Amino acid sequence: MNKEIKIKKHEVAHHFDNSEQEFNSAKLGMWAFLGQEILFFSGLFVAYIIFRMMHPEMFIYASKHLDWKMGALNTVILILSSFTMVMAVRSAQVNKLKQCVNYLIATFSFAGMFMVVKGFEYASKISHGYLPAKFFNAESAHESLHIFFGIYFTMTGLHGLHVLVGMGLIIWLIIKAKKGHFYEDYYTPLEMVGLYWHLVDLIWIFLFPLLYLIG
Amino acid sequence: MGHLENINFFKAAKGFKSWLITVDHKRIGIMYLLFIVAAFTLGGLAAGIMRIELLSPDKVLLTAKQYNQFFTLHGAIMVFLFIIPSIPAALGNFFLPLQIGAKDVAFPKLNLASLYIYVFGALFCVYSMWHGAVDTGWTFYTPYSTTTDTSVISMTLGAFILGFSSILTGMNFIVTVHKMRAPGMTWFRMPLFVWSLYATSILQVLATPVLAITLLLLIVEKTMGIGIFDPAIGGDPVLFQHFFWFYSHPAVYIMILPAMGIMSELFTTFTKKNIFGYKAIAYSSIAIALVSFLVWGHHMFLSGQSDLASTIFSALTFIVAIPSAIKVFNWISTMYKGSIDLKTPFLYGLSFLFLFSVGGFTGIVLGTLSLDVHMHDTYYVVAHFHYVMMGGTVMGFLGGLHYWWPKMFGKMYNEFWAKIACALIFVGFNMVFFTQFILGSKGMPRRYYSYLDQFQPLHQFSTSGTWVMGLGFIIVFIYLINSLFRKEEVSNSPWGGITLEWQTTSPPPVYNFIETPIVDNDPYDFEKVKI
Ligand SMILES: [Cu+2]
């Protein structure tokens, strides 16, 4: 079980001149992708700003219905997972292949914990009837409360979807890392998924205060 | 792989499967071309049927509801399936790597994936036509789109998926331009088609995700009622318009910029002169891309947005005209004292120049607040954007297709019939759409099934133009297909073009160049480069 993982040498794809060009291309492409991710979420943030300006007191009232402790717990979990992700990349860079796999497994576990906490939160909201407009059926002091929950579920739902995609990517990385694909001269997929994972983390860091900590 | 080098990319691998799994940008470009031509045909037929319906204010072929479905079909197909991917994904895919001396795009597999995603998205669109066709218009405005029972969800999901395909192509091109250029190919030695694709790609990557989230929110609104767009549950339908046009105005430049790039190629090769104002044209592409993000409100002058906002949007709209005009003047100046060769591609180039200018000027009219109140939602608007989209982009696309056809397939088409077809398309186009300027200025509203009797002669004349244009397209189709069966092969550079794609064989070998080219000249330096 504890035997060392053997390095599998990476071959540069046919259309690149060298591995440096290959790595830099992947990195630039990833940044372009992250740029579009940010604009994708920006639509939601704009909607949030507009409806918060329209109903400022409702947002403060609504925010109290969210459990900030759960949100804070999830923030800590995601920051930790970002840290283990960085360590996974670092391990590959210094040829500690076994350690790299372990850090990836840790990252995956944190992501799973995040989803479990999120699941508990969702379950409690749903059981109280705090659902998006059409299905909203809770007693409320504000008639527009359903809009907050519409935005809450859309934003956290899309973010959760990104976490799930990230978990899928991390499984793929674990499989490749176990086969010894990542080492000092080639760790491109690790680095790219890492960038993606940090963005997912970052978006949550914005979502947390905007949704949980108003007023 | 040495033995592959001299074989052209058609012959390098055989069989249907070799196309399905290819990562060669040239093959992917050709497959895109096939789908795009199919989409254009479908969208064109829908338009033809609509025009026949408009021969009379009473029913000819369609009921009022079917008419609504047909113009939605026409708009959605032409925008999402044809014009957005047309030049970048088909011609751009084929020629961007060739023009910068690269072996392929930066991410060949992603390139193939974007083609599959395109086809997948197209299937959704086809499904939603056949299953309760959408009748909202291609803009999917709320609150109508949240209340109609036609298949808005599958159609917007289709557009959402197509958006991904567009984003991936854009990402791929940005990285290709940054990282894959041949030795000596500095930024200012790149052909201007590459510059225009680069600017387009920035728009694709930064604007399309906003459309994606908009359509997603529309779907969520329709299924779960989150209360963002639907006024019945506290939402704001004007917010939808803001979101929608934040993408869809830049999208207009996703459509036109690549055609402008083709213009620069045509105006140099067919005058055998260096381009006038290279840097001005290159920078104006970037300027257009940036300013285009700030003008979306000109679609909403009558939506109740504040007067101040409207004034600012109007002023910014005028500003976009400047970089566009810079390009037009530079192309005209390029012709000065050039040896002008009126071959078919250049005829399309000149058509573009004329028609795009008309489209641009009428855009200024519509961007003027007081005039827009009258022209808004009339045929004037329809004529304006068809002059830009069809008179501009489609003419550019046809120009590029004719220009590069011999390079792509190694065969030359019949020049005589090509000129006839070009003339028919040009004349037919003006018959259809110039008439609509008159209709619109007289007050004929767009998207109406019926109209006042006094408009009938103009409507009938406009419809007759579609038949002239249709004939032109049929001729194009016939001689292009026919050319593939010709015996004689063309030379490396049948037009005397000197950019890198003309320095390799027609069709090019699998990795584009036998030896990686080394560049030490400006792209259009006809004094220095002799072929
Ligand atoms: Cu616009």
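Computed over heavy atoms, backbone and side chain alike; hydrogens, waters and symmetry mates excluded. Every value quoted in this text rests on a predicted model; they were computed, and no experiment measured them.
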Problem - Any donor-acceptor pair under 3.5 Å from H146(A) side chain to I233(B) backbone - result: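 Answer holds: yes.
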Problem - Short side-chain to backbone donor-acceptor contact, H15(A) and A106(B), under 3.5 Å - result: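 At least one qualifying donor-acceptor pair exists.
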Please give me the minimum heavy-atom distance between [X] and [Y], naming the atom from each residue.
X	Y	value
Q36(A)	V205(B)	CB-O, 3.1 Å
D236(B)	F51(A)	N-CZ, 4.1 Å
H14(A)	D104(B)	NE2-OD2, 4.4 Å
F40(A)	L216(B)	CZ-CD2, 3.8 Å
L39(A)	P209(B)	CB-CG, 3.7 Å
K179(B)	L28(A)	CE-CD2, 4.1 Å

Exercise for the section: Calculate, to the nearest 0.5 Å, the distance between atoms CD1 and CD1 belonging to I151(A) and I226(B) respectively. Expected result: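 Nearest 0.5 Å value for the CD1-CD1 distance: 7.5 Å.
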Exercise for the section: Under 4.5 Å heavy-atom distance to chain B, tell me which part of L44(A) shows up: side chain, backbone, both or neither. Expected result: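 Interface part for L44(A): both.
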Handout entry: Interchain contact, T154(A) with chain B, by part (heavy-atom threshold 4.5 Å)
Key =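 Answer is side chain: those atoms of T154(A) sit under 4.5 Å from chain B.
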Exercise for the section: Show your reasoning for whether side-chain contact (heavy atoms from CB on, under 4.5 Å) applies to K103(B) and D17(A). Expected result: CA-CA 10 Å; K103(B) 292 197 191 90; D17(A) 295 332; 4.0 Å; yes
Practice task
Flag yes if more than 12 heavy atoms outside W31(A) fall under 6.0 Å of its CH2 atom; otherwise flag no.
Solution key: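 At most 12 heavy atoms, drawn from other residues, nucleotides or ligands, come within 6.0 Å of this atom.
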